[in-house]
Amino acid sequence: MTDTTDATTPARGLRSVLPASLSLRDAGTLLGLILILIVFASLNPVFLTAPNLLNILQQSSINACIALGMTFVIISGGIDLSVGPTAALSAVAGAALMAAGVPVPLAILAALATGMTCGLFNGTLIAFAGLQPFIVTLGGLSLYRALALIFTGGNPIFGIPQEFRAVINGDVLGVPVPVVIIGVIAALLWVVLNRSPFGEYILAVGGNQEAARIAGVPVARTKITVYVLSGGLASVAALILTGRLGAADPTMGNLWELDAIAAAAIGGASLMGGKGSVVGTLLGAVILGSLRNGLTLMNVQAFYQLLATGIIIILAMLIDRATRGRG
């Protein structure tokens, strides 16, 4: 009995400490967002209008979707560099079926299955072959992009049914459907991370994998599951963009992985693993979206937007480094 209690102490200790520190970190991220809103509102009166704020949320929804999956991977101690090509492969698979007359629900399921299969492949190699997540997903980045290009011959797929586009481009009580979708997904993932045994497993694996294994945590299964989740959410993001554009491009998702990592990092996720927040990641995605929207309204050139984004990411990492040992 004593041995069991001692073995589970690291996982339980990690679980008991993280929520309080993440709430504090989320508050800091929220403060950063408020400051950005105030600055841009003072520079351009259009920025805080309701249509523009909804536009920011809609533009941020795709990155938020990818970043939520990335957050779970990062918390578990991994990284997923293949989310962009995974999204592209999922998009062309689903779009090809829609264009061929397959019922939209079945095509959506096929797209989701494609992304989850990519995640399963990544997770299996990482969990059972002992390969580093960086190397596996870097290989996946090239592999899935190549498959998307080969499948389409490098050409976009058109013929997306109007009923699918109408749903994605619609709204619920004035709120764009993509924002509603991400809100529902985020709520479910918050419950999983903070109120379920699986959430505790992820935190434990990322915090101390060996201690988690001793405590009886299914380490391999946990790792595989977070990569399947990441692939599935990449597919959701791809479907949203496909519905908005009316086409699926095999080059879709270029550098999405960097934006997702940035949103997670700004939101307080530690690249060392064991730390991350659903709320923080959402705030991080909105911060990036607000920054780009505000700079665009000010007619700032794109490469200065990249500069500003890079500075914010570095500042977020410095803040994480400074506060890492405080709970």
Side-chain angles (χ1 to χ4, degrees), residues 10-30 32-33 60 63-81 83 119 123 126 133-134 137 182 185-209 212 217 219 222-234 256-288 312-313 315-327:
R12 291 178 179 173
L14 180 65
R15 180 66 167 175
S16 65
V17 169
L18 277 171
S21 63
L22 284 174
S23 297
L24 180 62
R25 185 66 170 81
D26 290 347
T29 307
L30 178 59
L33 174 60
S60 302
N63 186 27
C65 189
I66 297 285
L68 286 171
M70 185 70 73
T71 297
F72 273 61
V73 171
I74 289 174
I75 293 173
S76 73
I79 198 75
D80 190 353
L81 302 179
V83 287
I126 292 166
F134 181 89
T137 58
I182 303 310
I185 291 173
L188 293 174
L189 292 180
W190 186 91
V191 172
V192 169
L193 185 60
N194 296 282
R195 295 290 185 268
S196 76
F198 181 65
E200 186 169 348
Y201 292 164
I202 299 171
L203 290 165
V205 170
N208 189 325
Q209 181 173 309
V217 172
V219 174
T222 299
K223 287 185 176 183
I224 291 173
T225 303
V226 295
Y227 282 96
V228 170
L229 175 65
S230 180
L233 290 179
W256 278 10
E257 56 278 358
L258 299 185
D259 283 345
I261 294 171
I266 291 171
S270 172
L271 296 181
M272 301 298 291
K275 180 180 177 183
S277 163
V278 169
V279 173
T281 294
L282 288 177
L283 292 173
V286 175
I287 284 175
L288 290 175
I312 286 181
I313 294 170
L315 288 175
M317 292 296 92
L318 290 173
I319 292 172
D320 177 68
R321 178 72 175 179
T323 59
R324 189 174 299 166
R326 301 182 182 179

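For reference, positions follow the sequence shown, starting with 1.
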Check: Say you draw a straight line from CG of L282 to CG of L30; how long is it, rounded to the nearest 0.5 Å?
Finding: 12.0 Å

Next item on the list: Kindly compute the distance separating CD1 (I185) from CG (L189), expressed to the nearest 0.5 Å.
Entry: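 If I round to the nearest 0.5 Å, the distance is 7.0 Å.
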
Search all heavy atoms of [X] against all heavy atoms of [Y] and return the closest pair with its distance.
| X | Y | answer |
| --- | --- | --- |
| P133 | Y227 | CB-OH, 3.2 Å |
| D259 | L288 | O-CD1, 3.8 Å |
| G284 | T29 | N-CG2, 4.3 Å |

Notebook entry, point to check: Is any side-chain heavy atom of L233 less than 4.5 Å from a side-chain heavy atom of F72?
Noted result: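 When only atoms from C-beta onward are counted, F72 and L233 do not touch, as no gap falls below 4.5 Å.
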
Check: With a 4.5 Å limit on heavy-atom distance, are the side chains of T71 and L193 in contact?
Finding: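 Not in contact.
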
Note to self: Could you walk me through whether K223 and Q209 satisfy the side-chain contact (heavy atoms from CB on, under 4.5 Å) test, starting with their C-alpha distance in whole Å, then the side-chain angles of each, then the deciding distance to 0.1 Å, before giving a yes or no?
What the structure shows: CA-CA 11 Å; K223 287 185 176 183; Q209 181 173 309; 2.8 Å; yes

Next item on the list: Take F198 and V217, measure what side-chain contact (heavy atoms from CB on, under 4.5 Å) needs, and give me the verdict at the end.
Entry: CA-CA 9 Å; F198 181 65; V217 172; over 6 Å; no

Note to self: Run the side-chain contact (heavy atoms from CB on, under 4.5 Å) test on V83 and T137 for me, step by step, so that the C-alpha distance in whole Å, both residues' side-chain angles and the decisive distance to 0.1 Å come before the verdict.
What the structure shows: CA-CA 9 Å; V83 287; T137 58; over 6 Å; no

Notebook entry, point to check: Quick one: side-chain contact (heavy atoms from CB on, under 4.5 Å) partners of A260, sequence neighbours excluded?
Noted result: N63, I66, A67, M70

Next item on the list: Under the side-chain contact (heavy atoms from CB on, under 4.5 Å) rule, collect the residues that match up with V279, sequence neighbours excluded.
Entry: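 For V279, the residues satisfying side-chain contact (heavy atoms from CB on, under 4.5 Å) (neighbours in sequence not counted) are D26, W190, S277, L283.
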
Item checked: Intermediate values then yes/no, side-chain contact (heavy atoms from CB on, under 4.5 Å), L188 and V192 -> CA-CA 6 Å; L188 293 174; V192 169; 5.5 Å; no

What pairs of donor and acceptor atoms, side-chain ones from residues 74-81 against any protein atom, are under 3.5 angstrom apart with sequence neighbours left out?
from: S76; atom 1: OG; to: V73; atom 2: O; distance (Å): 2.6
from: D80; atom 1: OD1; to: S82; atom 2: N; distance (Å): 3.0
from: D80; atom 1: OD1; to: S82; atom 2: OG; distance (Å): 2.7
from: D80; atom 1: OD2; to: S230; atom 2: OG; distance (Å): 2.9

